[in-house]
Number of protein chains: 2
Amino acid sequence: MPRWKPDAVERLQAAALDLFDEQGFERTTVAEIAQRAELTQRTFFNHFPDKREVLFEMSSKLRQEIVGEIEAADHDLEPLDAVMHAFEVVADKLLESRRAVVVRRYAVIAANRELQERELGKNAVLTESVAAALTARGCDPATAFLAAGAAMLAQQAAFQQWTRPGETRTLRDLLPDAVRALRTTVGVS
Amino acid sequence: MPRWKPDAVERLQAAALDLFDEQGFERTTVAEIAQRAELTQRTFFNHFPDKREVLFEMSSKLRQEIVGEIEAADHDLEPLDAVMHAFEVVADKLLESRRAVVVRRYAVIAANRELQERELGKNAVLTESVAAALTARGCDPATAFLAAGAAMLAQQAAFQQWTRPGETRTLRDLLPDAVRALRTTVGVS
DNA sequence: AAGGTGATTTCAGCTTGTGCAATCACCCTA
DNA sequence: TAGGGTGATTGCACAAGCTGAAATCACCTT
C-alpha cells in the first residue's frame, strides 16, 4: 500500500474544475479544493504557485508543441502561414479529441475576471514564443510580432466559433476561414 | 483649514507609482502607499478595488474617448481605418503631452506579471468596446472583432516604438506605419 | 539493517481585501 | 446662530491567499 494516493496534481485539477464549475471561482477556497482531493491547502501551493494556475497546466505543453511545429515548418512559408499551419497541427493533435473538457474549462474562465486575465497572460507568453520562433527563422522582430499577433487573432476567432454550441466543424477546418476573414478585414491597400 | 488634505486619489496614485518604481510592485504594501500619501490602508481600498487598479485610472477615460471618436468618424471609412483614425486623434489629445509619465508607468507595468495581466485585461475590454462601436456602425460582429483586434495589434506595435528611448516621432505619426507593416505581414496569399 | 529521499503535513505569520460602525469638519437650512 | 445631514476618512475584526521552516514517514538505495 503506497504512502499516498497517486496523481495528486490530477486530483487537484479535477477537484478545482468541478468546484469552479459548480459554485464559481471566487466562492471556492483553496482549502476546499484540497479537501475534495484529500490533500491539504499547503500541498496545493506546493504544486501550483497560485489558485488560478491550477487551470493552466496545459498551456505550457501547447506552447511547446506550437513552437516545435513552427521550427519544423517548411522554410519557404510566409511567417503567418507557418504559424497557422502550426496551429492547425496542434489543434488536431491536442485539442480536437478533448473538445468537451476544453469547452468546460473555457466556460469557467469566461465567468471570472481573474481567470480571464491569467488566460490573456498565457496568450501573451504564447505570442512572444511564436514571435521568437519566427525570428529564429529569419523574420525581423517587428514583422514576427505582427505575424504572431495576427495569427493569435485568427486563432481566437476560430476558437470562439469552435466552442459555439451546435458547431460541427473541426478547429483545424475553422482556422483557414478565420485567416481569410482577417485578410479581408485588414484589406489590401 | 480643511478637515483633510485635498486630492486623496491623486496622492495615492503618485505615491504608488513612486514606490512601485523605487522598490517594485511586490515589495510595496498597500499600507506603505497609504502612509506615504498620509492616509490609511482602509482609505486606499475605499478609492481602488485592489492594489493593481491604482495604476489604471486613465484607461477608462481613454476607452470612452476612443469609442466616441469611432462613433463620430466618417461613416464611409472601412472599419480598420475608422479605429486607427480614432487612435490617432486620442494619441494626440491625451498621450503625446504626457509621454514621460506614460513611459514611466509602462516600465513599472512591464516589470511585474500581475500588472501585465491587468493591462491585458484592460486592453481586452477596450477591444470589446471598439468592436461594439464598429458593430453599431453596421459592421457584422465577426468582422468587428477582427478589425478591433487588428487595430489593437497595430496600436501596440506603434506604442512599443514610441516608448523606445531615442524615438522622436509622435505616436500619431507612428500609427500609419504600423498599419502598413501589418497589411504587408498579413499580406495577400 | 541503516540511512537518505521526497511528497506531504503542521504551524506561524504576512498581505490583500471587505463589512460595519464611528468620527467630525463642512454645508445647508431654519 | 443653532441644529441636523453629508460624506470622506478611520479603526477593528476577520476571511482568504500565499510563504518559510521544520517535522513526518513510507519507500528506495546500498
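As the structure is a prediction and not an experimental result, all values here were calculated from the model. Each chain gets a letter, A, B and so on, in the order its sequence line appears, and its residues count up from 1.
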How close or far is atom P of D:dA15 from atom CD of A:Q41, stated in whole angstroms?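 Between P of D:dA15 and CD of A:Q41: 14 Å.
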
Any base atoms under 4.0 Å from A:D50, or only sugar-phosphate, or nothing? Heavy atoms, all strands.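 The answer is sugar-phosphate, as A:D50 gets under 4.0 Å only of primed atoms, P, OP1 or OP2.
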
Given D:dT9, D:dG11, D:dG17, which nucleotide is nearest the side-chain atoms of B:R42?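 Closest nucleotide to the B:R42 side chain: D:dG11.
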
Below 4.0 Å: OP1/OP2 of C:dT8 and any side-chain N or O of A:H47: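 True: A:H47 side-chain N/O within range (under 4.0 Å) of C:dT8 OP1/OP2.
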
Is any side-chain N or O of A:T40 closer than 4.0 Å to OP1 or OP2 of C:dT9?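 Indeed, a polar side-chain atom of A:T40 lies that close.
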
Near-strand residues of residues 6-34 of chain A, defined as heavy-atom separation under 4.0 angstrom from DNA chain D: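 Of all residues in residues 6-34 of chain A, the ones placing a heavy atom under 4.0 Å from DNA chain D are A:T28, A:T29, A:V30.
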
Between [X] and [Y], does at least one N-O distance fall below 4.0 Å, as a salt bridge requires?
X	Y	answer
B:R137	B:D81	no
B:R52	B:E114	yes
A:E53	A:K122	yes
A:E167	A:R99	no
B:E117	B:R113	yes
A:R105	A:E119	yes

Is the count of non-hydrogen atoms from other residues, nucleotides or ligands lying under 6.0 Å from B:E78 atom CD greater than 12?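 Counting other residues, nucleotides and ligands, CD of B:E78 stays at 12 neighbours or fewer.
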
Below 3.5 Å is the cut-off: list the nitrogen or oxygen pairs between protein and nucleotides 22-24 of chain D, distance only.
{"from": "D:dT24", "atom 1": "O2", "to": "A:R3", "atom 2": "NH2", "distance (Å)": "3.3"}

Donor-acceptor pair under 3.5 Å, A:R52 side chain vs D:dG17 base: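 Side chain to base: no pair below 3.5 Å.
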
Between B:F145 and A:T185, is any pair of side-chain heavy atoms under 4.5 Å apart?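 No. Closest side-chain heavy atoms not under 4.5 Å.
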
Report the residue (B:K51 or A:K5) whose heavy-atom-nearest nucleotide on DNA chain C is the more 5′ of the two.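 Looking at DNA chain C, the more 5' nearest nucleotide goes with A:K5.
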
